[in-house]
Structure formats: structure tokens, C-alpha cells
Number of protein chains: 2
Amino acid sequence: MGSRTRLDMGIILEKATELVDRNGLDQLSLNMLAQELNIKSPSLYNHFQGLEGLKQQLAIYGTEQLYAHLLPAAIGSKGDEAIHGLSRAYIDFARIHPGLYEATNRIPDHSDEKLQHVQEEVVKLVMQVLHSYHLEDEMAIHIVRGLRSILHGFASLIRTGGFQMPVDLDKSIPIVIDIFIEGIHSRVQQEEY
Amino acid sequence: MGSRTRLDMGIILEKATELVDRNGLDQLSLNMLAQELNIKSPSLYNHFQGLEGLKQQLAIYGTEQLYAHLLPAAIGSKGDEAIHGLSRAYIDFARIHPGLYEATNRIPDHSDEKLQHVQEEVVKLVMQVLHSYHLEDEMAIHIVRGLRSILHGFASLIRTGGFQMPVDLDKSIPIVIDIFIEGIHSRVQQEEY
DNA sequence: TTGCTTTAACTAATATAATTAGTTAAAATA
DNA sequence: TATTTTAACTAATTATATTAGTTAAAGCAA
């Protein structure tokens with residue numbers, strides 16, 4: 001027999017991503033993952049604390065990936081254009097990685113500071129994109145919540161097959177975002193560029 | 001010993017709702033459910049096809065409950081007011097029944113016509129609320145998608161603790177909805193009422 | 001009522017998954 | 001080269017889902 005397989009967290013998370021993207025997060029099991037990696041499932045305990053630990057790591061990894069995917073879209077432009085870019089990138093990511101995206105929506109527990117931190121980074125990125133609108137503090141929070149709701153809701157409903165009507169999905173997001181942007185414009189008197 | 005417990009689907013789904021609202025959908029198990037009902041887990045197979053069957057039934061039951069909760073809000077008023085009422089009712093439901101709401105977001109499989117049907121009923125209800133805006137057909141679909149995204153996204157983000165900022169959540173939904181409505185108004189030249 | 005049918009409980013047994021404990025091979029490093 | 005650490009391994013336990021076959025009790029018909 002050849003030498004033992006020797007893995008690191010990166011390889012494990014890549015394979016786990018493959019599995020959840022194919023079968024959904026709730027179908028993820030240590031047995032199947034171990035099989036795919038050509039090791040035995042108890043060996044995985046050297047890398048994380050059981051199935052829950054894996055899901056936690058996957059949530060962090062996925063959120064970092066999401067952040068990296070959003071970043072170029074967020075910094076490359078300003079104002080309305082930046083919101084559209086961010087939105088497209090967000091939905092893109094959720095479509096390319098349905099299972100990994102699902103994993104990012106984990107509820108962090110008290111101990112889980114890393115996950116909380118990376119999730120906050122994503123929120124900050126969305127806030128930055130709205131910065132050029134010069135919104136009053138509290139209103140900025142409400143509007144960020146709205147934008148995040150649209151993006152997350154849209155991504156989730158695509159995944160669960162919630163949008164069945166024979167109307168082009170790719171048109172819907174920019175239109176919905178436009179409506180939201182127009183709402184912002186007509187709500188706040190803004191001095192933009 | 002007293003006589004055997006004798007259950008029907010209604011009692012089972014009520015107890016299952018209690019459990020998922022308390023512990024989350026992914027913690028639902030036949031063992032725990034059977035224990036709570038004072039029967040043995042194999043007995044549950046007389047009522048549905050295993051754990052997946054239970055989740056399917058729970059999805060249907062939950063969607064029906066959601067529909068019933070939305071209905072009075074949707075029919076009691078018109079236009080902007082109806083959208084606000086529907087939105088409040090939707091978020092309410094997801095807060096009162098976090099686990100049951102989670103269950104309603106099940107992806108229906110081919111065989112699962114009942115679930116598809118009740119899910120469609122909810123979508124139709126949302127469409128009806130937008131009817132008084134006299135939107136052009138395709139635009140109506142885009143806007144329904146937007147409204148559903150906001151509602152589902154908002155409900156999900158509340159559940160996963162996605163909104164951490166110390167700003168009143170109950171204010172956010174009407175503000176976000178107002179922005180969306182204003183966007184609709186400024187986008188489509190409308191002849192209302 | 002009496003007896004048949006159906007429902008929904010039961011026990012027993014199996015399979016799969018997660019997990020823990022203790023062990024060992026191999027890589028990294030002093 | 002010798003030591004330490006990492007990350008694999010096997011063996012065993014526990015929990016859960018599931019299947020098969022059985023039985024008690026409710027509902028209904030003669």
C-alpha cells in the first residue's frame with residue numbers, strides 16, 4: 001500500500017464544498033466526506049470537532065470566499081453602479097456555490113468569534129458601497145438591512161425553486177435593485193456627485 | 001398501564017412544530033418526537049414515510065399556517081397599506097414560528113404536488129396585494145420577486161442573527177418596504193384606484 | 001351485541017452515522 | 001539522528017433511522 005493520505009484543512013474544505021454544493025448542507029456527513037478523501041471518518045477529528053465543527057469551519061471558509069468574491073465588485077465602482085455590481089456578484093456566488101452559501105448562513109454561537117467577525121466584514125462591505133449616498137446614520141442601517149434582505153432572499157428563493165414563473169431571472173435582480181435605489185433617491189434628499 | 005396513546009397527524013405536527021421552533025429544523029429527530037408523544041419511534045411510520053416524510057408534511061402544514069396568517073392582512077386593505085400589512089404579518093409569522101417557517105422553505109421534489117400547490121397559493125396572495133398597482137405583466141413578476149425576496153430575506157436574517165446593529169428591527173421593515181414602494185411608484189407611471 | 005376490518009400502536013432486529021479512546025506511522029524539527 | 005508532533009489508524013460505543021412482523025383497540029357491519 002502507498003503512504004497514508006495526508007490532508008490539511010484546505011483540501012478538506014474544498015472537498016466538503018464540492019459535496020454540499022452537489023447534495024445540500026443537510027446531506028453532509030463525516031462518513032461520506034472521509035470516503036471521498038480516502039481516509040476513515042475518525043481521522044477527521046484531528047482537524048475539527050466533529051460534524052458541527054466542520055459546519056462551523058465551512059461557514060467561516062464560505063464567508064471568506066464570499067467576501068473575496070464581492071470585494072472587486074465593491075471597490076471597482078461607486079454609487080448605483082457599485083450596488084448593481086455587488087448585487088450581481090452576490091447572486092453569482094450563491095448560484096455557483098449553493099451549498100457553501102447555505103453554510104455561510106449558520107447562526108454563530110457565543111464561542112464562535114471568527115465566524116462572527118467574517119460575517120461582519122461582509123456587512124461592512126455592503127455598508128461601504130452605500131457610503132457614497134451620505135445617509136444619516138440610523139437610516140443607513142435600515143437601508144443596509146433592506147439591501148441585504150433583497151440579496152439573501154433572492155439567493156435563497158432561487159435555490160429553493162421559489163421563482164417558477166417563466167420570466168428571466170437575470171433581469172429580475174437589476175430591476176429590483178433599481179427600484180430599491182430609486183426608492184432611496186426619492187426618500188433621502190441627496191447631494192451626490 | 002393506561003391504554004395506548006392514539007394520535008393523528010394534527011397532534012403530531014403540532015408537537016413537531018413545538019420542537020423545531022425550540023431547537024431548529026435540523027435538530028428534529030423521530031426519536032425525540034416519539035418520546036415527546038409518548039410512543040415509540042417506529043409507530044410514526046404509520047403516519048408518514050420516515051423523517052423526510054415528516055419534514056414534507058411539516059412544510060405543507062407550515063405553509064398552510066403561513067397562508068392563513070397572511071390572508072386577513074392581505075384582504076383587509078389595498079395598495080400601500082396592504083403591502084405593509086402583509087409584510088408585518090409575514091415577519092410576525094417567521095418570528096413566532098422560526099422552525100416551522102424554516103420548514104416551509106423546503107425544496108419540493110417532483111412527487112410533491114401538494115407542497116408546490118400551497119407554496120403557489122402564498123405567491124398568489126402576494127401577487128394579489130400588488131394587483132391594485134396595475135403593473136404590466138412581466139414587471140409584476142419582477143416586483144413580486146423583489147417583495148418576496150425582501151420578506152424572506154428579512155425573516156431569515158433575523159433568525160440567523162444577521163442584524164446585530166443596535167437599531168430597532170421593528171422600524172426597519174416598514175422603512176424598507178416604504179422605500180421599495182416609492183421605487184415602484186417612481187418607476188411605473190400608475191393610474192391607481 | 002358480535003365479529004370483521006382497519007388503524008396505529010408494539011417489539012425485535014439491522015444499518016448507518018457520529019463519536020470516543022487508544023495506538024501507530026510518518027512528517028517536522030531540535 | 002533523536003525527539004516531538006501531527007494525523008492517520010482500529011476498535012468499540014451510542015444514537016438514530018428504518019424494516020419486518022405482531023398485537024391491541026377502535027370503527028363498523030351483520
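Numbers restart at 1 for each chain; the letters A, B, ... are given by sequence-line order, proteins then strands.
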Any N/O donor-acceptor pair, B:Asn31 side-chain to D:dA15 base, under 3.5 Å: no

Send over the distance from B:Leu44 CG to D:dT18 C1', rounded to a whole Å. 12 Å

Which nucleotide sits closest to the side chain of A:Leu7: C:dA18, C:dC10, D:dA8? D:dA8

Write down the distance between CG (B:Leu51) and C1' (D:dT18), rounded to a whole number of angstrom. 11 Å

Given C:dT19, D:dT18, C:dA17, the nucleotide with the shortest approach to the side chain of A:Ser41: C:dT19

Whole-Å distance between D:dA17 P and B:Glu52 CD? 11 Å

Nucleotide nearest A:Ser43 (side chain, heavy atoms from C-beta), chosen from C:dA17, D:dC9, C:dA12: D:dC9

Relative to each other, are the rings of B:Tyr101 and B:Phe93 parallel, tilted or perpendicular (30° and 60° limits)? perpendicular

Are A:Arg187 and A:Glu182 ion-paired here, with the side-chain N under 4.0 Å from a carboxylate O? no

Could you check which of D:dC9, C:dA17, C:dC10 has an atom nearest any side-chain atom of B:Lys40? C:dC10

Between C:dT16 atom C1' and A:Leu28 atom CG, what is the distance in whole Å? 15 Å

D:dT6 P sits how many Å from A:His47 NE2, rounded? 12 Å

Quick check for you: among C:dT11, D:dA8, D:dA17, whose closest atom lies nearest to any side-chain atom of A:Ile39? D:dA8

Under-4.0 Å salt bridge between A:Arg106 and B:Asp26: no

Hphob cluster co-occupancy, A:Leu19 + A:Tyr45, side-chain heavy atoms under 4.5 angstrom: yes

Which of C:dA18, C:dC10, D:dT18 is nearest the side chain of B:Tyr45? It is D:dT18

Over how many whole Å does the gap from B:Gln35 atom CD to C:dA9 atom C1' extend? 17 Å

Which of the following nucleotides, C:dA21, C:dT11, C:dA8, is nearest to the side chain of B:Arg6? C:dA8

note: B:Phe48, atom CZ; C:dA9, atom C1'; distance rounded to Å ~ 14 Å

Between A:Glu102 and A:Lys55, is there a salt bridge with N-O shorter than 4.0 Å? no

For A:Asp26 and C:dA17, what is the distance between atoms CG and C1' respectively, to the nearest whole Å? 15 Å

